[in-house]
Structure formats: C-alpha cells, structure tokens
Amino acid sequence: MLRYAPHLLAIFLQFLFCLDLSAQANIRIGYTYSYFDLAESNAILDRFEEERDWLDNRFGNIRGFHGISFGLRYKMGTTAAELGYYNRFTRRQAEGINPTSSTDFFRQLNTANQGFSLGVEQFIGPFSIGGTIDRNFWTMRLKESSSGDRQTVVDERYWSSQFFVAFNSERTEGISISIRPYVQVPWTSFGLQPLEEALESNPVNDPEEKLLNFGIQFIFYNGN
C-alpha cells in the first residue's frame with residue numbers, strides 16, 4: 001500500500017511549487033465516522049446466520065466505520081490543496097455452541113478501509129467546498145478462535161472520488177477546526193466470493209460490492 005505514497009507526494013509537491021511562496025502549509029489530523037452501504041456483504045452475513053440459528057451472538061450488519069486521518073494542507077488565499085491518509089475500521093463477532101459437536105463456535109470479522117487522497121478545496125468565508133481522488137485498500141480478515149490468527153479473506157484495491165462541504169472555525173490558540181460532511185463514490189466494484197467461501201455460506205451468483213459511503217469528518221489544523 002505504501003508504494004503509492006511517493007507518487008502522490010510527488011504530485012502534491014509539484015502543485016506546491018506552482019503556488020505563491022506566501023502560501024501557508026498546515027498539518028492536519030482528524031476523526032471520521034463513515035456509513036457504508038454494504039448490501040451484498042451483509043446479505044452474506046445474513047445467510048451465514050440463518051444457517052446457524054443457534055448462535056447466541058450474531059454478526060449483525062456492517063454499516064458504521066470509525067477512523068483517523070492525517071496529512072498536509074497547502075493554502076494560498078481562498079484555495080488549498082491537500083494530501084492525506086485515512087484508516088477506517090469496524091469489527092463484528094459471532095459466537096455460540098454448535099449443537100452438532102457441542103463445542104464452542106467463534107468467528108470474528110475485522111473490516112478496514114485505508115487510503116491515500118489528493119484534493120482541492122475552495123473557501124467562501126467560513127465555508128468551503130472541495131473534492132479528492134482516493135486510492136483505497138479494502139481488507140476483510142476472519143478470526144476463527146479468540147486466540148487464533150486472523151486470515152485475510154478479501155484484499156481489494158480501488159479508486160474513488162470524494163466530495164465535501166465544510167464549516168471552518170477561526171484560529172484559536174494556533175488551532176483551527178473543520179467540520180466536513182462528505183460522500184465518497186467508488187469507481188468500480190469487486191467480487192465477494194472469497195468471503196462466502198471463508199464463511200461457508202451458500203453461494204449466490206458471484207455478488208459484487210460497490211463501496212458507496214458518506215459520513216462526517218472533524219479535522220484539526222495547526223493554523224488557518
């Protein structure tokens with residue numbers, strides 16, 4: 001994944017050299033909550049649970065992701081360019097007593113979305129609008145015992161576009177805050193047969209997932 005970082009950094013630096021030397025560079029760090037529409041993944045989990053109605057604790061649907069982000073912003077007047085990295089994740093767990101073997105049953109599914117983004121933002125007073133192009137990495141790892149290792153069952157890479165509006169605070173003691181609702185639109189979809197096979201769920205006609213999501217970001221900058 002990190003092999004993409006030098007290319008994005010090179011593009012970002014070339015953009016900076018085209019800007020006025022009086023522009024301001026800022027470090028950014030933030031928290032993100034994302035809501036994903038994972039209809040196909042959740043359908044697989046539903047079938048898994050229907051086939052094991054003796055489960056005491058069920059996976060439930062995968063929807064909300066929490067995560068962090070950090071990066072750099074270069075601002076000149078009312079325009080800014082940003083280079084960022086984000087990591088969003090969620091965890092689901094299923095447990096019970098298998099009536100056939102009278103043994104403990106345990107499955108834990110860890111899902112993560114990491115990515116690099118390159119974007120532009122335009123400021124209008126305390127508000128701003130912008131967009132990014134993102135390179136994403138989607139992984140789903142399954143753990144079959146509470147003390148066992150996690151097995152990667154889905155490992156996909158894809159591009160997406162993100163669009164946002166933001167409210168930006170005034171500088172307070174060297175820190176400014178941006179509240180940023182967003183929507184992220186993937187360019188492609190991918191198959192979920194490996195997840196079906198790992199969960200031993202009855203397969204359907206090669207389901208594909210497209211990772212549309214929306215959410216809100218709280219971002220802190222060291223300056224305006």
Side-chain angles (χ1 to χ4, degrees), residues 1-2 4-5 7-9 11-16 18-20 22-38 62-91 111-139 157-188 209-224:
M1 181 180 67
L2 292 177
Y4 292 96
H7 302 292
L8 289 173
L9 182 59
I11 295 172
F12 186 71
L13 291 176
Q14 289 175 11
F15 182 86
L16 299 189
C18 296
L19 299 179
D20 193 308
S22 64
Q24 180 182 14
N26 307 110
I27 297 173
R28 53 161 286 184
I29 186 169
Y31 164 80
T32 302
Y33 175 80
S34 304
Y35 183 95
F36 279 79
D37 179 18
L38 302 179
I62 303 174
R63 292 194 179 98
F65 284 64
H66 300 270
I68 60 171
S69 65
F70 56 86
L72 298 172
R73 180 182 71 178
Y74 201 81
K75 186 177 180 183
M76 183 189 69
T78 60
T79 303
E82 284 195 357
L83 175 67
Y85 166 82
Y86 52 87
N87 186 359
R88 303 176 286 195
F89 53 89
T90 190
R91 178 182 297 171
T111 306
N113 172 220
Q114 301 177 65
F116 294 98
S117 64
L118 181 65
V120 176
E121 186 173 8
Q122 181 66 42
F123 292 83
I124 307 168
F127 300 97
S128 59
I129 59 173
T132 67
I133 294 176
D134 316 313
R135 182 56 172 170
N136 292 273
F137 306 84
W138 183 265
T139 56
R157 294 158 175 76
Y158 63 97
W159 293 93
S160 66
S161 298
Q162 185 177 145
F163 307 96
F164 62 85
V165 297
F167 172 75
N168 307 283
S169 76
E170 296 294 331
R171 180 172 178 173
T172 304
E173 297 182 356
I175 300 295
S176 60
I177 302 174
S178 177
I179 301 174
R180 180 185 289 186
Y182 78 91
V183 60
Q184 188 179 43
V185 182
W187 297 1
T188 57
E209 196 75 271
K210 197 167 186 178
L211 299 172
L212 176 69
N213 69 94
F214 59 90
I216 189 166
Q217 301 173 337
F218 299 91
I219 303 172
F220 299 86
Y221 298 94
N222 66 328
N224 290 330

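Predicted, not measured: the structure shown is a model, and the values here were computed from it.
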query = If you draw a 6.0 Å radius around CD1 in I129, do more than 12 non-hydrogen atoms from other residues or ligands fall strictly inside?
reply = no
remark   = Correct closest heavy-atom pair for G64 and Y33 would be CA-OH, 3.5 Å
Close side-chain approach of I133 to L118, heavy-atom, < 4.5 Å = no
Interatomic distance, L211 atom CG to Y158 atom OH [nearest 0.5 angstrom] = 4.0 Å
ask   = What are the two closest heavy atoms between F137 and G115, and how far apart are they?
value = CD1-CA, 4.3 Å
key: Pairwise distance CD(Q114) to CZ(F89) - rounded to 0.5 angstrom   = 10.5 Å
ask   = Y74 and A25: which non-hydrogen atoms are nearest, and at how many Å?
value = CD1-CB, 3.7 Å
task = Using side chain to side chain donor-acceptor pair (under 3.5 Å) as the criterion, list what pairs up with S160, not counting sequence neighbours.
result = D134, N136, Q184
ask   = Are I124 and T78 close enough that some pair of their side-chain heavy atoms sits under 4.5 Å apart?
value = no
query = How close do F36 and N213 get, heavy atom to heavy atom, and via which atoms?
reply = CE2-ND2, 3.4 Å
From F116 atom CZ to T132 atom OG1, the distance as rounded to the nearest 0.5 Å = 13.5 Å
inquiry  = I'd like to check the side chain to side chain donor-acceptor pair (under 3.5 Å) partners of Y35; sequence neighbours left out, ordered by chain and number.
reply    = R63
query = Backbone N or O of L212 within a donor-acceptor pair of the D37 side chain at under 3.5 Å?
reply = no
Side-chain heavy-atom pair W159, T188 within 4.5 angstrom cut-off = no
key: Distance in Å, S117 OG paired with R135 CZ, rounded so as to fall on 0.5 Å steps   = 13.5 Å
query = For S128, which residues count as a side chain to side chain donor-acceptor pair (under 3.5 Å) partner, sequence neighbours excluded?
reply = E121, N168
query = Rounded to the nearest 0.5 Å, what separation is found between the CG atom of L72 and the CG atom of N26?
reply = 9.0 Å
task = Go through the steps for Y86 and N113 under the test side chain to side chain contact (heavy atoms under 4.5 Å, CB included), then give the verdict.
result = CA-CA 8 Å; Y86 52 87; N113 172 220; 3.9 Å; yes
ask   = Knowing that exactly one of R28, R73, K75 qualifies, which makes a side-chain hydrogen bond (donor to acceptor under 3.5 Å, both in side chains) with E82?
value = R28
task = Begin from the C-alpha positions of I179 and F218 and carry the test side chain to side chain contact (heavy atoms under 4.5 Å, CB included) through to its verdict.
result = CA-CA 5 Å; I179 301 174; F218 299 91; 4.0 Å; yes
message = How long is the straight-line distance from CG of N222 back to CD of Q24, given to the nearest 0.5 Å?
response = 7.5 Å
message = Could you tell me if W187 and S161 have a donor-acceptor pair between their side chains, going purely by distance under 3.5 Å?
response = yes
ask   = Is the charged tip of R180 near the ring of F164: under 6.0 Å from the six-membered ring centre and within 45° of its axis?
value = yes
task = Grab the two heavy atoms, one from T79 and one from F123, that are nearest each other, plus how far apart they are.
result = N-CD1, 4.4 Å
